[in-house]
Amino acid sequence: MKPRELDTSIASPAASAFLAERSPMPLYHRLYVILRDRIASGTHPAGSVLPSENELAEAFGVSRITAKRALDELATESLVERVRGRGTTVTGQAAALIGARPISASIDGLLESLNAIGRETSVDVIEFGYVQPPDFARVPLALDPGALVQRAVRVRSIDGAPLSQSTTYVPERVGRAYGAKDLERTALIDLLERAGLVVGTAEQSITATLADTLTASRLKVGVGAPLLLMKRCVKDTEGKPVQYIEILYRPDRFEYRMSLTRDQTAGHGRFEAEPSTTSMKRKKPQPRSTQSKMQKGKRR
């Protein structure tokens with residue numbers, strides 16, 4: 001076991017501001033996020049000993065109970081081991097967070113991107129049925145009031161750990177072509193095409209949100225933890241909406257990348273976006289990454 005060297009900069013201005021800001025996220029969870037990030041960045045490598053409850057309480061200006069609960073959260077994830085008289089030691093399992101090898105797929109290639117993600121992950125269908133959709137799904141799908149949709153809630157995992165929770169709304173006429181078991185084995189885009197549809201375009205937005213009680217339990221994060229929220233409406237080649245989906249991603253396991261290139265002909269310092277990618281961070285190294293692209297002009 002490596003000897004502990006207390007990093008006096010652990011309570012950095014950014015970290016202190018994060019703890020001090022007004023937020024619905026519990027204080028202990030904010031401290032947990034800071035410590036987990038320092039483990040993921042390699043500041044506290046496997047085998048090192050974290051500061052004690054008293055040292056954390058003094059450094060961050062929080063109570064000892066708050067510090068204890070933050071360390072207990074890390075222990076619940078098996079990122080640290082807590083032993084009386086020996087302190088809190090970062091486990092070997094935490095090494096999987098450091099330098100995680102991402103799986104990338106072009107966001108411009110909707111079909112290939114989703115298929116690439118599907119090949120590398122497993123899915124559990126949590127909810128499945130036919131309901132009248134809420135307006136936020138009915139309007140993008142251009143459905144009349146009272147129309148039914150197939151609603152499915154799925155939790156996707158990679159290397160045995162939750163990656164995302166998706167809630168999909170598909171018009172009844174399309175959804176009747178497959179069942180819940182099909183969603184566990186086959187990518188939804190493939191199921192839509194098997195139903196005779198050809199995906200043409202998609203409109204997508206990305207924002208941030210906080211985990212509620214139900215989502216937190218499914219994604220194994222704390223209540224109030226930050227999540228990425230992706231909303232997407234998929235249309236066929238005739239412009240008819242065939243799917244509306246909202247996906248909640250754990251930001252420690254998923255990221256959105258974009259490369260910008262300056263347009264030399266614009267004359268105003270304008271930057272043009274190059275193909276973007278989504279990445280899933282694995283718990284352990286994999287022998288290769290998967291990347292797929294579609295022809296220029298298609299968007300995920």
Side-chain angles (χ1 to χ4, degrees), residues 10-44 50 56 59-62 66-80 90 93-94 96-100 102-104 107 117 121 126 136 153-168 204-232 245-258 276-283 300:
I10 186 172
S12 65
S16 298
F18 180 55
L19 288 177
E21 69 181 14
R22 301 179 66 177
S23 168
M25 186 186 301
L27 186 59
Y28 77 86
H29 190 77
R30 279 181 270 170
L31 179 56
Y32 150 83
V33 170
I34 293 171
L35 296 175
R36 191 180 190 282
D37 182 67
R38 293 179 70 82
I39 292 174
S41 68
T43 301
H44 296 302
L50 294 183
L56 288 172
F60 288 102
V62 299
T66 295
K68 178 181 184 301
R69 191 163 180 184
L71 293 174
D72 287 342
E73 286 286 302
L74 294 173
T76 298
E77 284 196 46
S78 299
L79 297 179
V80 301
V90 179
Q93 182 171 329
L97 294 175
I98 304 173
I103 303 171
S104 297
I107 202 168
I117 291 175
T121 60
I126 307 300
F136 66 77
V153 179
R154 297 169 293 160
V155 172
R156 188 174 295 276
S157 300
I158 181 171
D159 297 328
L163 165 71
S164 67
Q165 173 188 286
S166 62
T167 304
T168 55
Q204 179 171 280
S205 65
I206 301 175
T207 186
T209 188
L210 300 176
D212 58 23
T213 303
L214 185 58
T215 302
S217 65
R218 291 172 175 172
L219 295 183
K220 296 183 180 179
V221 298
V223 176
L227 298 173
L228 291 175
L229 171 58
M230 182 178 293
K231 302 178 182 180
R232 181 189 305 130
I245 183 170
E246 292 193 351
I247 312 175
L248 293 167
Y249 288 101
R250 286 179 47 158
D252 61 324
R253 312 225 68 201
F254 178 90
E255 63 184 21
Y256 178 92
R257 299 174 181 172
M258 177 177 289
S276 306
T277 63
T278 57
S279 297
M280 298 179 294
K281 297 181 179 179
R282 311 193 72 103
K283 289 180 64 180
R300 179 176 175 179

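- The shortest distance between side-chain heavy atoms of Leu71 and Val80 does not fall below 4.5 Å.
- We find the CD1-CZ distance between Ile247 and Arg232 to be 4.5 Å, quoted to the nearest 0.5 Å.
- A distance of 11.0 Å separates OG1 of Thr66 from CG of Leu56, quoted to the nearest 0.5 Å.
- Here Leu163 contributes atom CG and Leu248 contributes atom CG; the two are 11.0 Å apart, rounded to the nearest 0.5 Å.
- Taking CD of Gln165 as the start and CZ of Arg154 as the end, the distance is 11.0 Å to the nearest 0.5 Å.
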> When you look at Phe136 and Glu246, which way does the side chain to side chain contact (heavy atoms under 4.5 Å, CB included) test go after all the steps?
Replying inline: CA-CA 10 Å; Phe136 66 77; Glu246 292 193 351; 3.7 Å; yes
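- Of the inter-residue distances, the one linking Ile39 atom CD1 with Ile34 atom CD1 reads 12.5 Å to the nearest 0.5 angstrom.
- Considering every non-hydrogen atom in both Ser164 and Leu219, the closest pair reads C-CD2, 3.6 Å.
- In this structure, CG in Leu210 is found 9.5 Å from NE2 in His29, a value given to the nearest 0.5 Å.
- The closest side-chain heavy-atom distance from Leu50 to Leu74 is below 4.5 Å.
- Contact between Val153 and Arg218 at its shortest, heavy atoms only, is CG1-NH1, 3.5 Å.
- A donor-acceptor pair is defined here as one N or O able to donate and one able to accept, closer than 3.5 Å; no such pair exists between the side chain of Arg156 and the backbone of Ser166.
- Taking both residues in full, the closest heavy atoms of Pro226 and Pro251 are given as O-CD, 3.2 Å, listed atom of the first, atom of the second, then distance.
- Side-chain contact check for Arg250 versus Lys220: some heavy-atom pair is nearer than 4.5 Å.
- Of all the heavy atoms in Ala70 and Tyr28, the pair that sits closest is CB-O, 3.4 Å.
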